[in-house]
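Proteins come first, then strands; the chains are lettered A, B, ... in the order of their sequence lines, and each starts at number 1. Hydrogens, waters and symmetry mates play no part in the numbers below; they use all other heavy atoms, side chains included.
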Protein chains: 2
Amino acid sequence: MDQNAPETNDIPDVVVRRLPIYARTLDYLLTEGKSSVSSQELGERINVTAAQIRKDLSWFGEFGKQGIGYDVEKLLGHINRILGLTVNWPVVLVGLVYLGQAIARYAGFREKGLHIVALFDADPTKAGTILNGLPIQGDEEIPRTVATHGVKLAIVAVPATKAQEVVDQLIAAGVRGILNYAPIIVQAPEGVWVRHIDPVSLLHSMTYYLAREQAT
Amino acid sequence: MDQNAPETNDIPDVVVRRLPIYARTLDYLLTEGKSSVSSQELGERINVTAAQIRKDLSWFGEFGKQGIGYDVEKLLGHINRILGLTVNWPVVLVGLVYLGQAIARYAGFREKGLHIVALFDADPTKAGTILNGLPIQGDEEIPRTVATHGVKLAIVAVPATKAQEVVDQLIAAGVRGILNYAPIIVQAPEGVWVRHIDPVSLLHSMTYYLAREQAT
DNA sequence: ATGTGTGAATTACTTCACAGCG
DNA sequence: CGCTGTGAAGTAATTCACACAT
């Protein structure tokens with residue numbers, strides 16, 4: 001439902017999905033001046049058991065010191081390397097109505113190795129407009145631009161009705177990972193990863209519990 | 001890491017999280033004019049096995065007809081009832097920089113029973129500004145407004161450094177479910193649900209696989 | 001003492017496979 | 001037949017608990 005995990009034996013996807021959270025938290029610990037952290041302490045910050053953190057990390061090596069814990073900076077470096085974040089990743093963004101514009105302006109991507117290098121929107125009246133330093137291009141430019149930048153990652157923030165079409169174009173152009181904000185599960189072939197962001201579904205999964213309580 | 005699931009024995013949270021996706025897809029099927037659907041067909045749209053859908057639904061009752069499948073409209077009604085979506089849920093939104101503004105303007109919440117009833121931002125120069133028909137209030141108004149509307153759900157789109165503080169205020173005011181867009185895992189007491197949206201982490205979980213391939 | 005790394009045990013989730021109904 | 005609902009079987013993920021290193 002969420003992603004198509006092609007033959008990536010070895011490490012479970014749940015583990016991979018937790019690594020970025022560990023990295024983010026180590027980053028915060030670093031800015032707080034902490035140089036060392038135990039799995040216990042790290043776990044408390046993110047509601048994960050200490051054992052889980054240790055087991056997750058053990059898939060990749062031995063990064064801790066018995067009796068001490070983990071060196072924050074070193075562990076962060078290890079995780080960043082594991083996630084392929086020693087290089088910057090060019091990313092394209094498709095769909096520039098409100099949400100897309102907000103994404104284009106968000107500094108958090110660039111700070112974390114994700115550089116938005118091109119913006120696309122199907123609306124021809126937007127073409128040429130500069131947004132956060134980048135010109136908006138028409139969707140027909142996707143193939144050329146994706147190819148010239150060697151872009152592997154895309155963010156899709158178009159209406160649900162257009163999402164599959166845009167995703168197909170992106171994949172045809174060479175994109176291999178897609179972050180989809182449209183409220184629809186898009187299909188992708190083997191070898192392409194897709195992650196969905198669906199705030200309405202997340203809220204609905206909470207109304208389930210809240211509705212239940214009121215009845216009690 | 002993602003949510004604190006207090007004593008909600010019975011139905012697994014993974015199941016609850018899939019229900020909104022089923023509902024959304026049934027909705028699309030309905031607009032496409034389909035009146036009946038099999039678990040197989042529904043599953044193909046969202047990359048879930050037919051058995052999983054049947055098992056998930058069986059937690060709540062028997063909604064299908066052997067040899068036929070499910071009546072789209074009826075099943076949608078059942079799921080909406082299960083999710084507590086027979087009523088509208090008032091929601092407040094805190095944080096109105098770019099992302100928050102985009103959220104405030106997004107029509108998709110209201111269409112799905114989630115009515116944004118109040119907007120808050122800590123920036124006093126924003127106070128009083130009308131956004132999408134609602135006045136922006138200062139954070140100090142949170143307790144009164146949340147109480148008068150009986151708000152149980154909140155969306156948080158403030159910077160990471162402010163997120164925990166805002167969440168604490170919201171919970172103190174009576175909020176029981178929080179959708180957090182800030183890139184930090186916020187803490188909440190038993191009985192409060194939290195869901196996180198973290199695009200950077202999702203992208204990083206894909207760079208992991210992409211980096212691996214290039215090496216191959 | 002303290003806290004990691006890890007097999008073993010446990011718990012949770014998914015898929016199988018088929019009886020039974022329309 | 002065709003497709004649901006569901007126990008049973010099979011996988012996967014998490015937690016336990018402890019040997020061992022500092």
Quiz item: Checking B:His149 side chain against B:Ala118 main chain: does a donor-acceptor pair fall under 3.5 Å?
Solution: no

Practice problem: State whether B:Arg54 places a side-chain N or O below 4.0 Å from either non-bridging phosphate oxygen (OP1 or OP2) of D:dG5. | Solution: no

Exercise. Quickly work out the B:Ile11 CD1 to C:dA12 P distance and round it to whole Å.
Key: 15 Å

Quiz item: OP1 or OP2 of D:dC3 less than 4.0 angstrom from a side-chain nitrogen or oxygen of B:Ser38, does that happen here?
Solution: no

Self-check item: Nucleotide nearest B:Ser58 when distance is taken to its side chain, options D:dG5, D:dA17, C:dT15
Solution: D:dG5

Practice problem: Would you kindly give the CG-to-P distance between B:Asp13 and D:dT14, to the nearest whole Å? | Solution: 13 Å

Exercise. Measure distances between side-chain N and O atoms of A:Lys55 and base N and O atoms of C:dG7, and say whether any donor-acceptor pair falls under 3.5 Å.
Key: yes

Practice problem: To the nearest Å, give me how far apart CD (B:Gln52) and P (D:dG7) are. | Solution: 17 Å

Exercise. On DNA chain D, check which nucleotide each of A:Gly67 and B:Ile68 is closest to and give me the residue with the more 5' one.
Key: B:Ile68

Quiz item: Does B:Ser39 put a side-chain nitrogen or oxygen below 4.0 Å from OP1 or OP2 of D:dT4?
Solution: yes

Quiz prompt | Protein-nucleotide distance (B:Ile53, atom CD1; C:dT15, atom P), rounded to Å | solution = 11 Å

Quiz item: Short question: side chain of A:Gln187, backbone of B:Arg45 - any donor-acceptor pair under 3.5 Å?
Solution: yes

Quiz item: B:Phe60 vs A:Tyr208 aromatic rings, parallel, tilted or perpendicular, using cut-offs 30° and 60°?
Solution: perpendicular

Exercise. Quickly work out the B:Leu57 CG to D:dT4 P distance and round it to whole Å.
Key: 10 Å

Practice problem: Please report, rounded to the nearest Å, how far the P atom of D:dC20 is from the NZ atom of A:Lys65. | Solution: 20 Å

Quiz item: Where the side chain of B:Thr145 meets the backbone of B:Ile142, is there a donor-acceptor pair that is under 3.5 Å apart?
Solution: no

Quiz item: On DNA chain D, nearest-nucleotide positions of A:Gln66 versus A:Val15: which is more 5'?
Solution: A:Val15

Self-check item: B:Arg18 vs C:dT14: side-chain N/O to OP1/OP2 distance below 4.0 Å
Solution: yes

Exercise. Would you check if the side chain of A:Asn180 reaches a backbone N or O of A:Ile184 as a donor-acceptor pair within less than 3.5 Å?
Key: yes

Practice problem: Starting at atom CH2 of A:Trp59, determine the distance to atom P of D:dA12, rounded to an integer number of angstrom. | Solution: 10 Å

Quiz item: For the pair made of NE2 in A:His78 and C1' in C:dG5, what is the distance, rounded to whole Å?
Solution: 15 Å

Self-check item: Any B:Tyr70 side-chain N or O less than 4.0 Å from OP1/OP2 of D:dG5
Solution: yes

